[in-house]
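Ligands are counted one by one from 1 in listed order, and the atoms in each one are counted from 1 as well.
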Amino acid sequence: MAKHTVTLIPGDGIGPEIIAAMCRVVEAAGADIEWEVADAGAHLMDEHGTPLPDYVIESIKKNKVAIKGPVTTPVGTGFRSVNVALRKALDLYTNLRPSFSLPGTGARYDDVDLVLVRENTEDLYAGIEFEEGSADAAELIEFCAAKGAGTIRPDSGISLKPISVTGSQRIVRWAFEYALDNGRKKVTAVHKANILKHSDGLFLREARKVAEEYAGRIEFEDRIVDACCMGLVLNPANFDVLVLPNLYGDIVSDLCAGLIGGLGIAPGANIGAECAVFEPVHGSAPIHAGKNRANPTAEILSAILMLRHLGEEAVADKVLAAVSAVLAEGASVTYDIKRTLTGSTDGSVGTAEYADAIIAKL
Ligand code: NAD
């Protein structure tokens, strides 16, 4: 019997191709993993009536660990997003998105080593929305006017931004515990508390309280989100662990991906008290699907996070060394990296050939 059973969600778009590349690399590196395939995505709608069949949640609950490819959010089906639904169903309240410089990416910086911790369950992602022109929106607009809370134009759509004490405390505590466990020195809380006093203001207040518990062990600072973005672009080496509410976390993590060379190399994980689901930051990139073009690095780096989570540090180190060696050599890289390096995609290799080059370095 394999040492670990992991739920495998290939997803759609470029998902199946980058997942296949990742599985081959992880297996060649010697990880003792049995993949339990439990797919999700719009292609399951006809058979199951939902892009997220129950067996996916059941498989993850049983195995505790999953790795997934990206999943397209179907438009106009009434289903918001497989990704958001998964995070909610399993209460995966932490979205971990490390950004670190790799050789040979042509990125603007070569000294980035930061970890972004994004709250994954509330904020504007709570999905509480009122459509423009609806009776509910009108009622809410009336309520706000009656309470003297402010005037909202009658032709407005409204999305609510709930941020709780519970949600803020647990994500900030998670960031500090991560910092302690991983030899990090500083946590930066990112917010817009000067404007959004009752949501971001609460987040900052709770972050400060939690930070006191770690005083003398981990440094703490806070930054307003706009100034933080400028600071990241000016000098990313100033940052260590960032903790952010959901929406800023989503936006700032793409900015951080840009600092290290793009979405093709940005890994991630969704982590809860019971289960963890590893996945790249990027989406299903439909225009590249089925063409053996996509860069599987982000998926492979997500697998490295998974291997560390499983306690397979040696295999994780081995895979990271092989990926770094292939990128540093620059002879077998995918179109996105080649284009950054040379301005042209000429001489790039496909998803599968890139995986072969990594395997040859193991
Ligand atoms: P995207 O990340 O899929 O792609 C944007 C662009 O980035 C692509 O066109 C491509 O040029 C580049 N890119 C992304 N990944 C790449 C890779 N591995 N290799 C090379 N280039 C890559 O973003 P999008 O187009 O806004 O979203 C497409 C779909 O993905 C949407 O339906 C969205 O909802 C979904 N999505 C899913 C997830 C997830 O499953 N976790 C995350 C984000 C978006």
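Polar contact check, R87 against ligand 1: no nitrogen or oxygen pair lies under 3.5 Å apart. Considering backbone and side-chain N/O atoms, G283 comes within less than 3.5 Å of an N/O atom of ligand 1. By the 3.5 Å distance cut-off applied to N or O atoms, A294 is not counted among the residues near ligand 1. An N or O contact shorter than 3.5 Å is missing between T72 and ligand 1 by distance.
Near T73, meaning under 4.0 Å from any of its heavy atoms, are these atoms of ligand 1: 32 (O), 34 (O). Contact atoms of ligand 1 toward P70: 40 (O) (distance under 4.0 Å to a heavy atom of the residue). Per-residue contacts place L263 under 4.0 angstrom from the following atoms of ligand 1 (heavy atoms of the residue considered): 2 (O), 7 (O).
Of all the listed residues (A257, A285, A40), A285 holds the heavy atom that lies closest to atom 3 (O) of ligand 1. Closest heavy-atom approach to atom 39 (C) of ligand 1 within the set I287, N83, D254: this belongs to N83. The residue among V82, I14, V281, V277 with a heavy atom at the shortest distance from atom 16 (C) of ligand 1 is I14.
If you check the side chains of Y125 and D250, you find a donor sitting under 3.5 Å from an acceptor. Of the N and O atoms on the side chains of S302 and E279, not one donor lies less than 3.5 Å from an acceptor on the other residue.
Counting heavy atoms under 4.0 Å from ligand 1, residue R293 does not touch it at all. Only side-chain heavy atoms of H288 come within less than 4.0 Å of ligand 1; its backbone N, CA, C and O stay farther off. Contact annotation: for D336 versus ligand 1, heavy atoms closer than 4.0 Å belong to the side chain alone.
A salt bridge does not link K161 with E122: every distance from a Lys NZ or Arg NE/NH1/NH2 to an Asp or Glu carboxylate oxygen is 4.0 Å or more. In summary, K61 and E58 do not engage in a salt bridge, as defined by a charged side-chain N under 4.0 Å from a carboxylate O. Ionic pairing of D240 and R184 is present here: one or more N-O contacts between side-chain nitrogen and carboxylate oxygen are shorter than 4.0 angstrom.
Using a 4.0 Å cutoff on heavy atoms, I18 does not count as a contact of ligand 1.
Between Y55 and H48, the two ring planes are perpendicular [angle over 60°; tilted spans 30° to 60°].
Remark: of the listed residues I171, N270, V117, N270 is the sole one forming a side chain to side chain contact (heavy atoms under 4.5 Å, CB included) with N95. Tested against K68 for a side chain to side chain contact (heavy atoms under 4.5 Å, CB included), the candidates L8, V56, I19, L86 yield a single pass: L86.
Contact of the H309 side chain with the V65 side chain is registered, since non-hydrogen atoms from C-beta on lie closer than 4.5 Å.
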